[in-house]
Amino acid sequence: RLGSGSHSADAGRRAKAAITASILADTLRDGKVLYHLDLSYNCFNAEECACLAEALLSNHTLFGIHLVGNDATVDDLGFVVPLTSMGKSLTV
C-alpha cells in the first residue's frame with residue numbers, strides 16, 4: 001500500500017511512478033498499435049497523469065483508457081483530466 005511503511009520507501013515508490021509515467025508517455029506519444037490500456041491503481045499523481053494526458057493528445061489510435069485509482073479521470077470525450085489535491089481538474 002502506498003502510504004504504509006517508511007517515508008524513504010514512499011519516496012522510492014513516487015520516483016518509480018514518475019519514471020514509469022514518463023516512459024508510458026513516450027510510448028503513447030509514439031505508439032500506433034495500442035488499442036486499449038488499463039492503468040488503474042498505479043498511484044500516478046496529478047503531475048504524472050498530466051504527462052500522460054499531454055502525450056495522448058498526439059495519439060489517435062488508443063480507443064480506451066482506464067485510470068481509476070490515479071489522480072485523474074477520463075472525461076466524456078475520452079480525454080485524460082488530471083486532478084489537483086482538491087479534486088479539481090488541472091489544465092493540460
Side-chain angles (χ1 to χ4, degrees):
R1 291 166 104 177
L2 197 65
S4 64
S6 71
H7 178 69
S8 63
D10 290 344
R13 284 189 214 123
R14 288 275 22 108
K16 287 179 184 178
I19 291 167
T20 301
S22 177
I23 292 168
L24 276 169
D26 289 341
T27 301
L28 293 170
R29 192 175 295 109
D30 300 333
K32 304 232 182 314
V33 296
L34 199 58
Y35 184 73
H36 194 102
L37 183 61
D38 188 345
L39 295 174
S40 298
Y41 300 101
N42 277 285
C43 299
F44 291 134
N45 66 24
E47 183 178 329
E48 293 151 358
C49 290
C51 179
L52 296 173
E54 185 275 325
L56 283 167
L57 291 175
S58 63
N59 182 303
H60 301 288
T61 59
L62 189 68
F63 183 74
I65 187 165
H66 298 273
L67 289 169
V68 174
N70 298 291
D71 287 344
T73 187
V74 179
D75 71 12
D76 294 342
L77 298 175
F79 290 98
V80 173
V81 180
L83 303 174
T84 66
S85 60
M86 300 300 287
K88 297 179 181 176
S89 63
L90 293 174
T91 303
V92 177

Handout entry: Same apolar cluster (I L V M F W Y, side chains within < 4.5 Å links), Leu52/Leu34
Key = yes
Exercise for the section: Indicate yes or no for a side-chain donor-acceptor contact from Ser22 to the backbone of Ala18 under 3.5 Å, with no hydrogens or angles considered. Expected result: no
Completion exercise
Looking only at heavy atoms, the pair that brings Cys49 and Val80 closest together is O-CG1, 4.0 Å
Practice task
Just jot down the side-chain contact (heavy atoms from CB on, under 4.5 Å) partners of Asp75, sequence neighbours excluded, or say none.
Solution key: Leu77, Phe79, Val81
Problem - Qualifying salt bridge (Lys or Arg N to Asp or Glu O under 4.0 Å) pairs with a residue from residues 21-32, counting only residues at least two apart or across chains - result: Asp26-Arg29, Arg29-Glu54
Please tabulate, one pair per line, all N/O donor-acceptor pairs under 3.5 Å involving side-chain atoms of residues 60-72, not counting sequence neighbours.
residue, atom, partner, partner atom, Å
Thr61, OG1, Asn59, OD1, 3.4
His66, NE2, His36, NE2, 2.9
Asn70, OD1, Asn42, N, 3.3
Asn70, OD1, Cys43, N, 3.0
Asn70, OD1, Phe44, N, 2.9
Asn70, ND2, Leu39, O, 2.8
Asn70, ND2, Leu67, O, 3.1

Practice task
Grab the two heavy atoms, one from Ala55 and one from Ala25, that are nearest each other, plus how far apart they are.
Solution key: CB-O, 3.2 Å
Handout entry: Counterpart residues, side-chain hydrogen bond (donor to acceptor under 3.5 Å, both in side chains), relative to Ser40 (two or more places apart)
Key = Asp38
Handout entry: For Asn45, all residues meeting side-chain hydrogen bond (donor to acceptor under 3.5 Å, both in side chains), sequence neighbours excluded
Key = none
